[in-house]
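Below is one structure, written out as structure tokens; the observations come after it.
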Amino acid sequence: MMEYRFCGRSGLQLPVISLGLWHNFGADADFNKAEEIVLHAFEKGVTHFDLANNYGPPPGSAELNFGRIMSRGLASHRDEIIVSSKAGHLMWDGPYGDGGSRKYMMASLNQSLRRTGLEYFDIFYSHRYCPETPLEETVQTLIDIVKQGKALYVGLSKYPADIARRACEMMEAQHVHCLIYQDRYNMLSRKPEANHIEMLEDCGLGFIAFSPLAQGLLTNRYLNGIPADSRVHRAGAFLHESDITEEWIGKAKLLNRIAADRGQSLAQMALSWVLAKRYVTSVIAGVSSVAQLDDNLSAIGKSDFSDSEILEIDRIIGMV
């Protein structure tokens with residue numbers, strides 16, 4: 001059964017597992033399979049769907065496909081669904097298709113609304129900190145997006161902690177609360193622990209983690225080497241063949257034994273590990289099939305780790 005957590009200092013609840021449309025929902029994907037995944041997710045209580053302007057490939061196509069799915073099967077459930085999108089990374093060529101300027105953010109937001117066919121986003125993010133743009137300009141744009149009714153809430157993604165804190169203070173000064181912070185977080189990527197947790201608590205932000213499975217490293221997919229159909233063979237992949245070393249395979253097998261003792265797959269344990277953190281509101285799952293989604297959802301309710309399990313996990317991955 002799905003669990004929901006309040007998002008920071010707000011009345012909004014998010015499912016502990018959200019569906020990310022970064023991969024497998026663009027124009028290169030099987031639309032019928034993508035639609036099946038989205039509809040099944042909603043039936044299972046996944047009410048939050050995470051998009052960005054540049055998700056595809058090509059950029060924009062994930063939003064287009066999600067808009068088609070919404071219109072075909074979920075339009076009557078709009079008030080039961082949280083849809084988030086983002087702007088900040090390269091979307092189109094030229095000086096106005098990237099960054100944090102008001103020109104780019106507003107243009108991208110309007111394009112995203114047209115692609116999805118929505119009147120508003122529930123959450124709209126600044127997808128990255130842009131040091132070339134004055135922070136005040138990006139933050140004022142987010143404030144105005146809320147006040148114009150184009151998004152109910154706004155969030156920040158991958159911002160340095162000190163800059164995120166300043167941005168939140170600017171929003172609060174104009175009576176707009178920054179709802180949520182998004183970043184990479186998993187057993188192997190722990191940067192938010194050192195820099196962001198105090199900021200999240202002080203500013204009352206929820207935290208949503210992407211890449212909880214480290215692009216597949218924290219699954220059983222690479223326990224015996226690299227399969228022929230692995231994403232590492234694709235152009236532009238974020239996981240590379242050089243990441244899957246004999247040393248890592250050995251560590252993954254040890255982690256898999258802990259997971260098996262817990263009655264979980266390695267992927268399920270990795271998701272449970274993230275959800276065990278009190279400051280985590282939700283994790284974003286990226287899946288390529290209904291079966292994979294159901295496997296991820298099986299991690300819900302299994303976030304109790306013994307001290308010895310935590311210590312052994314950290315020892316295996318070299319944290320202690």
Side-chain angles (χ1 to χ4, degrees), residues 14-15 18-42 46-94 96-128 138 141-142 145-146 148-158 179-180 182 208 210-211 236 238 282 284-288 293:
L14 294 181
S18 301
L19 183 63
L21 281 76
W22 182 15
H23 301 294
N24 305 313
F25 294 88
D28 65 336
D30 181 328
F31 176 80
N32 291 330
K33 181 180 286 190
E35 183 176 44
E36 181 185 19
I37 293 170
V38 170
L39 296 180
H40 183 75
F42 181 66
V46 178
T47 53
H48 178 214
F49 300 93
D50 182 81
L51 290 155
N53 58 354
N54 61 337
Y55 288 178
S61 59
E63 289 180 328
L64 281 168
N65 279 340
F66 182 76
R68 287 179 63 195
I69 294 168
M70 279 290 298
S71 66
R72 284 160 54 105
L74 293 175
S76 62
H77 297 284
R78 179 65 184 96
D79 292 339
E80 304 166 59
I81 290 173
I82 303 296
V83 184
S84 60
S85 195
K86 317 175 193 74
H89 290 294
L90 180 64
M91 183 59 191
W92 63 86
D93 292 336
Y96 313 119
D98 191 6
S101 72
R102 183 179 184 87
K103 171 69 174 177
Y104 166 62
M105 296 283 288
M106 282 296 190
S108 186
L109 167 64
N110 290 331
Q111 290 180 22
S112 292
L113 289 172
R114 287 195 295 271
R115 281 191 291 267
T116 57
L118 301 176
E119 295 182 357
Y120 66 92
F121 286 115
D122 297 277
I123 306 169
F124 191 76
Y125 292 86
S126 171
H127 205 170
R128 68 176 179 96
T138 303
T141 304
L142 293 173
I145 284 169
V146 171
Q148 291 173 12
K150 293 183 176 182
L152 302 184
Y153 304 92
V154 287
L156 304 172
S157 178
K158 307 190 299 288
L179 175 77
I180 191 166
Q182 181 177 133
I208 186 164
F210 69 83
S211 196
F238 284 81
S282 180
I284 298 174
V287 303
S288 58
L293 174 62

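Worth knowing before you read on, the calculation uses all heavy atoms, side chains too, and leaves out hydrogens, waters and symmetry mates.
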Verify side chain to side chain contact (heavy atoms under 4.5 Å, CB included) between R78 and L118, making sure each step is shown before the conclusion. CA-CA 9 Å; R78 179 65 184 96; L118 301 176; 3.7 Å; yes

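- Using a 30° and 60° split on the angle between ring planes, H127 and H89 fall in the perpendicular class, above 60°.
- Between F49 and A41, the shortest heavy-atom distance links the atoms CE2-CB, 4.2 Å.
- Residues N53 and S112 come closest through the heavy atom pair CB-OG, 3.8 Å.
- Of the possible polar contacts, none joining the R128 side chain to the K158 backbone as a donor-acceptor pair under 3.5 Å is found.
- Without hydrogens or angle criteria, Y55 side chain to G26 main chain gives no donor-acceptor distance under 3.5 Å.
- Nearest heavy atoms, I69 versus E35: CD1-CA, 3.6 Å.
- For G155 against I123, the heavy-atom pair with the smallest separation is N-CG2, 4.4 Å.
- How far CD of E63 is from CG of L113: 8.5 Å, rounded to the nearest 0.5 Å.
- Residues S84 and H48 share a closest heavy-atom pair of OG-NE2, 3.1 Å.
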Show the numbers, then the answer: is there a side chain to side chain donor-acceptor pair (under 3.5 Å) between S288 and H23? CA-CA 8 Å; S288 58; H23 301 294; over 6 Å; no

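- Not a single donor-acceptor pair under 3.5 Å links the side chain of N54 to the backbone N or O of P59.
- Within the model, atoms CG of L179 and OH of Y125 stand 7.0 Å from one another, a figure rounded to the nearest 0.5 Å.
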Between Y153 and I180, is the side chain to side chain contact (heavy atoms under 4.5 Å, CB included) condition met? List the steps. CA-CA 9 Å; Y153 304 92; I180 191 166; over 6 Å; no

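- For L90, the side chain to side chain contact (heavy atoms under 4.5 Å, CB included) criterion is met by D98, not counting sequence neighbours.
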Start with the C-alpha distance between W92 and Q111, add both sets of side-chain angles, then the distance that settles side chain to side chain contact (heavy atoms under 4.5 Å, CB included), and finish with yes or no. CA-CA 11 Å; W92 63 86; Q111 290 180 22; 3.5 Å; yes

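- Looking at V83 and F66, their side chains come closer than 4.5 Å, going by heavy atoms from C-beta outward.
- Using modelled atom types, one side-chain atom of K86 and one backbone atom of L51 make a donor-acceptor pair closer than 3.5 Å.
- In terms of modelled atom types and a separation under 3.5 Å, the side chain of S108 and the main chain of A87 share no donor-acceptor contact.
- Note that CZ of F31 and CD of E36 are 12.0 Å apart. Values are rounded to the nearest 0.5 Å.
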Side chain to side chain donor-acceptor pair (under 3.5 Å) evaluation trace for S282 with S18: CA-CA 7 Å; S282 180; S18 301; 2.7 Å; yes

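- For the side chain to side chain contact (heavy atoms under 4.5 Å, CB included) test, residues two or more places apart in sequence or in another chain that qualify with L64 are R115.
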Does L152 form a side chain to side chain contact (heavy atoms under 4.5 Å, CB included) with I82? I'd like the steps, not just the answer. CA-CA 10 Å; L152 302 184; I82 303 296; over 6 Å; no

